[in-house]
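Please read these numbers as outputs of a predicted model, since none were measured by experiment.
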Amino acid sequence: MTDHTPDPAAPLSTFPAYAWPEGKRSAVLLSVDVDANSPLLWSLGNDAPQRLGIHEIRNFGPRTGLWRLVELFARFDFKASFYVPAHVAEQHPDMLPLLLKQGHEIGLHGYFHEIVSEVSDDEFTGALEASLELFVRQTGTKPVGFRSPAWEMTPHMLAEIKRLGLTYDSSLSGFDHPYEIDGLTEIPVQWAVDDAIFFKFEGGGRDRFPMQSGRMVLEDWRAEWRTLHRFGGLFTLTVHDWISGRAQRIALLEDLLQDIAGAQDTWVATAAEIAQHHQTSSNKGRFAVAAAIPAAIGPRRFGTKA
Ligand SMILES: [Zn+2]
């Protein structure tokens, strides 16, 4: 007879624990998606209604919000990763060089903040190549990372990112520490620690949810950070220039960063540094998965007659 009693010492997951640099038990990635008005322009398409109000809400980002975030990170001496749609960089040609000068990482985030389900493979490739070219032209250096607008991906996109010599993607959530998908390093994100789902509010009847209380969100984010630290994971915070650059969001982030700064055994690093750690440590190959989109269930549904 087989003994089904579980061994209490055996790990339940078939994956090992993630190995962080010596002396660190977890990592923190502070990421900023500098969307400004690019998602709005993409969603409006050929339409340009008379809605100065919505544009100005978003213009606050590159004018003020972004720089408040940069100042906040500097106060803690934290380096962050900024993902900038090429169109935003085009409108603000000093932005990328200034972010680099402050010691931060800059990464690709589409050309016009294209939504993946609305573009063909060829259109994606064209946008990726054009945005890479613009970054190199404006800064003289080649970025190493990509983050997909709205965090959707396809196997084609993963292949194109690799083909163009980028070293990582940061758009998926299949683990809560770095992993590899189709051979590309993935620096995972998570909706629960993204400011947009709680605070994105443009007025004019376009909003799906009311704004949430910052105090409640801070408590949730603190719990996520504390517990992920215990689990040895990667806490990837994602904020936006025009949302989290507002005064009360800066106050919220200040409290959160204070907690993080108090933990000596967490590693605050850019996504590029975390990707490099993944590729040059014992973690490489231990968390490798294939980008598989299962076939539709269609004909196998129960209770339907063919
Ligand atoms: Zn975005």
Side-chain angles (χ1 to χ4, degrees), residues 29-45 47-70 72-73 80-89 91-92 95 107-118 147-153 170-173 188-225 235-257:
L29 163 60
L30 303 172
S31 68
V32 184
D33 291 359
V34 191
D35 287 349
N37 62 355
S38 60
L40 178 65
L41 295 176
W42 178 260
S43 69
L44 293 175
D47 208 16
Q50 300 278 58
R51 304 181 81 169
L52 181 61
I54 291 182
H55 284 284
E56 283 293 278
I57 285 174
R58 285 172 168 275
N59 287 339
F60 171 82
R63 289 178 193 152
T64 304
L66 175 64
W67 308 111
R68 282 203 187 135
L69 289 167
V70 169
L72 176 70
F73 297 153
S81 295
F82 291 76
Y83 299 95
V84 187
H87 181 69
V88 175
Q91 304 301 307
H92 305 278
M95 185 188 284
L108 304 177
H109 193 45
Y111 202 99
F112 293 107
H113 204 273
E114 297 84 359
I115 298 300
V116 171
S117 56
E118 298 171 10
R147 170 168 287 172
S148 173
W151 293 348
E152 195 43 276
M153 284 298 283
S170 179
S171 314
L172 300 171
S173 312
V189 292
Q190 202 202 149
W191 282 113
V193 274
D194 178 307
D195 62 350
I197 65 163
F198 303 105
F199 304 127
K200 177 175 182 278
F201 197 90
E202 294 172 309
R206 287 167 56 95
D207 304 292
R208 277 176 292 169
F209 311 106
M211 262 192 244
Q212 301 296 309
S213 153
R215 208 171 310 166
M216 181 200 79
V217 173
L218 174 62
E219 275 321 298
D220 283 355
W221 287 359
R222 274 183 162 145
E224 180 72 22
W225 142 246
F235 178 82
T236 301
L237 180 74
T238 301
V239 298
H240 295 75
D241 52 312
W242 67 279
I243 300 173
S244 280
R246 292 286 178 182
Q248 62 164 294
R249 310 278 141 63
I250 293 288
L252 183 167
L253 290 177
E254 220 163 10
D255 287 350
L256 180 68
L257 297 190

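Counting heavy atoms from C-beta outward, L29 and F235 have side chains that stay 4.5 Å or more apart. Taking 4.5 Å as the limit, some side-chain heavy atom of L66 sits within range of a side-chain heavy atom of F82. K200 is listed as a side-chain neighbour of W242, based on a closest heavy-atom distance under 4.5 Å. With contacts defined as side-chain heavy-atom distances shorter than 4.5 Å, the pair E152/I115 does not qualify. Residues F201 and I57 have side chains not in contact (no heavy-atom distance under 4.5 Å, counting atoms from C-beta outward). Within the 4.5 Å cutoff, the side chain of V32 has no heavy atoms near those of the Y83 side chain. A 4.5 Å side-chain heavy-atom check between V34 and H109 finds every atom pair outside the cut-off.
The shortest heavy-atom contact between W67 and P62 is NE1-O, 2.9 Å. The heavy-atom pair separating L252 from G214 by the smallest distance is CD1-O, 3.5 Å. The shortest heavy-atom contact between S244 and L69 is O-CD2, 3.9 Å. Counting all heavy atoms, side chain and backbone alike, V189 lies closest to S173 at O-OG, 2.9 Å. Considering all non-hydrogen atoms of both residues, E224 and V193 come closest at CG-CG1, 3.9 Å. Between F199 and W221, the shortest heavy-atom distance links the atoms CE1-CH2, 4.5 Å.
R68 is linked by a side-chain contact (heavy atoms from CB on, under 4.5 Å) to F60, T64, I250, counting only residues two or more places apart in sequence or in another chain. With sequence neighbours excluded, no residue satisfies salt bridge (Lys or Arg N to Asp or Glu O under 4.0 Å) with E118.
In this pair, W151 and W191 present their aromatic rings tilted. The plane angle is within the 30 to 60° band.
In terms of modelled atom types and a separation under 3.5 Å, the side chain of T236 and the main chain of P188 share a donor-acceptor contact. S171 contributes a side-chain N or O that, together with a main-chain N or O of S148, makes up a donor-acceptor pair within less than 3.5 Å. Between the side chain of D241 and the main chain of D35, a donor-acceptor pair closer than 3.5 Å is present. Put simply, the side chain of D194 never gets that close to the backbone of L237: no donor and acceptor are under 3.5 Å apart. A donor-acceptor pair under 3.5 Å is formed between the side chain of E114 and the backbone N or O of F112. Not one N or O on the side chain of H113 forms a donor-acceptor pair closer than 3.5 Å with the backbone of P85.
Look at D33 and R147 and you find a salt bridge, because one of the NZ, NE, NH1 or NH2 atoms lies within 4.0 Å of a carboxylate O, short of that distance.
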Test side chain to side chain contact (heavy atoms under 4.5 Å, CB included) on M95 and V84 and set out the steps. CA-CA 9 Å; M95 185 188 284; V84 187; 4.0 Å; yes

Side chain to side chain donor-acceptor pair (under 3.5 Å) between T238 and S31, intermediate numbers included: CA-CA 5 Å; T238 301; S31 68; 3.1 Å; yes

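Within the structure, salt bridge (Lys or Arg N to Asp or Glu O under 4.0 Å) pairs that include any residue of residues 50-62 comprise E56-R63, R58-E202 (at least two apart or interchain).
H87 and N37 form no side-chain donor-acceptor contact under 3.5 Å, judged by distance and modelled atom types alone.
Other residues, nucleotides and ligands contribute only 12 or fewer heavy atoms inside 6.0 Å of the CZ atom of R215.
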